Amino acid sequence: AQAVVNTVTASGIDKQTVLIQSFWPPNLDVAKAAGLQTTLLLLQQGSTKQGIDLAKMNGYNVVSPGWPTAGDPKEFIDAAHAAGLPVIPYTIDTEGEIARAFSLGADGVITNDPKLGLRVRYGALCDQALGREQRLTKTYRKRLAAYKRERNASRKRKLRKSALSARRALNRAKKNRKATCAKAGS
């Protein structure tokens, strides 16, 4: 454990961006004492309220249960969240189980296929962002066309403001869609 802490410290990486994981609490205690974020990995049979209590009592930042958990995964996730601990289960390598973990409230997943994990996590959000962008594009085009057709100067000023507002909303939606879809690998 000390070798890992020394390597991270020597690397100059911000300690708050590193999450040290271990099944063995003494390893986590060394990392925690050095100011690093820590995750208690729990075997499936340890994915219980007692595992959550151990993580909380020792000041670990995250619990990572084996998936599926020993009992009802929703109850485990809810109990961990009630204790103030994020839940990042391991090792989930199928689309269905990754989606299930997120739908039950997991904060993240550990997988051997990061692209799959990102696609499952952000794919639906990417689709939603794309739909919003398409709706805002239609709104902007309608407002712009109305502005161009209008001859009354007073009404034209109001339509110009409306079109500009729609364009700003569309630009924000495009930026959001690009960022969200990039996370999904789309």
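Since we're looking at a predicted model, the values are computed, not measured.
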Pair Lys158, Glu150 - check salt bridge (Lys or Arg N to Asp or Glu O under 4.0 Å), show working. CA-CA 10 Å; Lys158 290 178 184 176; Glu150 185 60 48; over 6 Å; no
So [Y] and [X], do their side chains get closer than 4.5 Å, heavy atoms only?
X	Y	answer
Val109	Trp67	no
Lys178	Lys175	no
Arg121	Ile98	no
Leu40	Asn58	no

Following the transitive rule for hydrophobic clusters with a side-chain heavy-atom cut-off under 4.5 Å over Ile, Leu, Val, Met, Phe, Trp and Tyr, establish whether [X] and [Y] coincide in one cluster.
X	Y	result
Val4	Trp24	no
Val18	Leu28	yes
Ile20	Ile13	yes
Leu41	Phe76	no
Leu19	Ile52	no

Heavy-atom donor-acceptor pair, [X] side chain to [Y] backbone, under 3.5 Å:
X	Y	value
Lys32	Gln37	no
Ser103	Arg100	yes
Ser64	Ile88	yes
Thr111	Ile92	yes
Asn152	Arg155	yes
Arg135	Gly131	yes
Ser162	Leu159	no
Ser165	Lys161	no

Go through the steps to decide whether Thr9 and Lys15 satisfy the test side chain to side chain contact (heavy atoms under 4.5 Å, CB included), and finish with yes or no. CA-CA 8 Å; Thr9 302; Lys15 290 182 179 183; 4.0 Å; yes
Minimum heavy-atom distance [X]-[Y], with the two atoms named:
X	Y	result
Ala166	Thr139	CB-CG2, 4.4 Å
Ala31	Val5	CA-CG2, 3.7 Å
Asp14	Thr17	O-OG1, 2.7 Å
Pro86	Val62	O-CG1, 3.5 Å
Ala106	Ile77	N-CD1, 3.8 Å
Asp93	Asp113	OD1-N, 3.9 Å

In the hydrophobic clustering that connects Ile, Leu, Val, Met, Phe, Trp and Tyr at side-chain heavy-atom distances below 4.5 Å, which members other than Leu125 occupy its cluster, ordered by chain and number?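 Taking Ile, Leu, Val, Met, Phe, Trp and Tyr as members, Leu125 shares its hydrophobic cluster with Leu118, Tyr122.
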Spatial distance of atom [atom1] ([X]) from atom [atom2] ([Y]) [nearest 0.5 Å]:
X	Y	atom1	atom2	answer
Leu54	Lys49	CG	NZ	11.5 Å
Ser47	Glu75	OG	CD	13.0 Å
Gln16	Asn61	CD	CG	8.0 Å
Thr69	Leu104	OG1	CG	9.0 Å
Leu42	Phe23	CG	CZ	8.5 Å
Glu133	Thr180	CD	OG1	10.5 Å

With a sphere of 6.0 Å drawn around NZ of Lys148, does it hold more than 12 non-hydrogen atoms of other residues, nucleotides or ligands?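 No, because the 6.0 Å sphere around NZ of Lys148 holds 12 heavy atoms or fewer from other groups.
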How about Lys174: does its NZ atom have over 12 heavy atoms from other parts shown lying under 6.0 Å from it? no
Would you please test Arg157 and Arg160 for side chain to side chain contact (heavy atoms under 4.5 Å, CB included) and show each step? CA-CA 5 Å; Arg157 280 191 298 276; Arg160 182 177 184 274; 5.6 Å; no
Evaluation steps, side chain to side chain contact (heavy atoms under 4.5 Å, CB included), between Asn176 and Arg132: CA-CA 10 Å; Asn176 179 57; Arg132 177 169 167 68; 5.7 Å; no
When you check the side-chain N and O atoms of Asp29 and Tyr60, is any donor under 3.5 Å from an acceptor?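 On atom types as modelled, these side chains qualify, holding a pair under 3.5 Å.
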Dump the intermediate steps for side chain to side chain contact (heavy atoms under 4.5 Å, CB included) on Leu116 and Arg119, then the final yes or no. CA-CA 5 Å; Leu116 173 65; Arg119 189 175 74 242; 3.1 Å; yes
